[in-house]
Asker: 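Can you read through this structure? Questions will come right after.
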Amino acid sequence: MFRYAVVRRPARSLVSGLTSSPHLGTPDYEKALRQHDDYIRALEACGLSVTVLEALEEYPDSCFVEDTAFCLPDRAVLTNPGASSRKGEVEDMERALRSFYTPDRIFRIRAPGTLEGGDILRAGGEVFVGLSDRTNQEGAIQFLNLLRDWGIPGQPVPVTGVLHLKTGLSFLEGGRLLVTEEFAEYPPFRDFEKIPVPEAEAYAANCLWVNGNVLVPAGFPGIRTALEDLGYPVLSVDTSEFRKIDGGLTCLSLRF
Ligand code: GLY
């Protein structure tokens with residue numbers, strides 16, 4: 001169960017966020033703020049105490065806080081984002097995390113290692129680390145070594161065709177994975193029950209399990225129905241403005 005979430009208000013510079021989907025248009029800042037408010041309310045409805053950090057105008061992608069840290073209840077790892085425009089976000093996140101952890105409980109991924117939280121999938125007691133354009137082998141090894149020291153099993157998995165590992169799949173408590181076609185046959189995931197995500201709803205592969213509920217992006221009725229049929233209480237949250245810059249439900253928060 002999670003107790004806390006940390007989010008960061010979208011900056012006006014959000015309109016210049018990194019994107020692989022320019023055809024979706026430029027985010028509407030005011031609408032993004034409203035969607036962010038709704039996202040916070042959804043996390044609170046799931047029982048989380050939400051810390052809202054101030055916007056960082058110099059970092060257009062900084063509302064995607066998940067990429068800057070990995071948080072457990074008693075310790076955290078600050079990442080080193082692979083996107084050069086995002087590296088500076090980590091310093092401010094370190095200040096924020098000092099409210100939750102003593103300095104000796106905050107660890108770091110160091111260059112030349114790169115790691116972004118979107119590539120970290122916690123699935124039951126195990127952690128998978130995506131090797132993507134943003135997370136390199138060195139960063140994954142540093143992170144997996146920390147996990148090993150803490151008795152947490154983990155392994156790297158290749159990511160191609162999507163930004164982050166969690167762009168293409170989500171873990172739902174109960175041993176289930178929501179997966180796009182790309183990940184459906186991956187041997188590392190052979191022991192999970194898989195819920196397939198059709199190509200037309202691929203964006204909804206990034207759902208967020210929070211304390212028994214599942215946040216689902218609005219506008220993807222097939223996935224919503226599939227989850228409801230499995231008995232999950234579903235909260236629909238519109239993330240259309242974040243989608244325009246490759247953002248989804250998981251990357252908008254840290255949960256621990
Ligand atoms: N726009 C989110 C990212 O590329 O990190």
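Numbering of residues begins at 1 and proceeds along the displayed sequence. Every number for a ligand or one of its atoms is a count from 1 in the order of the listing.
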Asker: Would you say Gly17 and ligand 1 have an N/O pair spaced under 3.5 Å apart?
Answerer: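 There is no such contact.
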
Asker: Please report the C-alpha distance between Asp92 and Arg8 in whole Å, then the side-chain angles of each, then the deciding distance to 0.1 Å, and finally whether the salt bridge (charged side-chain N to carboxylate O under 4.0 Å, His left out) criterion is met.
Answerer: CA-CA 11 Å; Asp92 198 86; Arg8 184 182 296 288; 2.7 Å; yes

Asker: Note the single closest protein heavy atom to atom 4 (O) of ligand 1, along with its residue, its atom name and the distance in Å.
Answerer: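 Result: Arg134 NH2, 2.7 Å.
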
Asker: Show me which atoms of ligand 1 lie under 4.0 Å from any heavy atom of Ile245.
Answerer: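 Those atoms are 1 (N), 2 (C).
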
Asker: Would you say CD of Glu44 has more than 12 non-hydrogen atoms from neighbouring residues, nucleotides or ligands within 6.0 angstrom?
Answerer: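 Yes, because the 6.0 Å sphere around CD of Glu44 holds more than 12 heavy atoms from other groups.
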
Asker: Any idea which part of Asp61 is under 4.0 Å from ligand 1, heavy-atom wise: side chain, backbone, both or neither?
Answerer: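 Near ligand 1, Asp61 shows its side chain, while the N, CA, C and O stay back.
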
Asker: Decide whether the shortest distance between a heavy atom of Thr19 and an atom of ligand 1 is less than 4.0 Å.
Answerer: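 No; Thr19 lies far enough from ligand 1 that no heavy-atom distance drops under 4.0 Å.
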
Asker: Looking only at side chains, do Ser253 and Arg255 share a donor and an acceptor under 3.5 Å apart?
Answerer: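 Side-chain D/A pair, Ser253 to Arg255: present.
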
Asker: Going by the order shown, which atoms of ligand 1 are within less than 4.0 Å of some heavy atom of Phe64?
Answerer: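 With Phe64 as reference, the close atoms of ligand 1 come out as 1 (N), 2 (C).
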
Asker: Is the ring centre of Phe128 less than 6.0 Å from the ring centre of Phe189?
Answerer: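 Here the rings of Phe189 and Phe128 have centres that are less than 6.0 Å from each other.
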
Asker: Hey, could you give me each pair passing ring pair (Phe, Tyr, Trp, His ring centres under 6.0 Å) that has a residue in residues 2-34? Not counting sequence neighbours.
Answerer: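 Residue pairs passing ring pair (Phe, Tyr, Trp, His ring centres under 6.0 Å), neighbours aside: Tyr4-Phe100, Tyr4-Phe256.
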
Asker: In the protein, which heavy atom is nearest to atom 5 (O) of ligand 1, and how far is it?
Answerer: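 Checked against all protein heavy atoms, atom 5 (O) of ligand 1 sits closest to Arg86 NH1, 2.8 Å.
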
Asker: Report yes if some N/O of Leu18 lies less than 3.5 Å from some N/O of ligand 1; otherwise report no.
Answerer: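 Such a contact does occur with ligand 1.
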
Asker: Name the atoms and distances for all side-chain donor-acceptor pairs under 3.5 Å in residues 104-113, with sequence neighbours left out.
Answerer:
| unit_1 | atom_1 | unit_2 | atom_2 | d |
| --- | --- | --- | --- | --- |
| Asp104 | OD1 | Thr102 | OG1 | 2.6 |
| Arg108 | NH2 | Glu94 | OE1 | 2.5 |

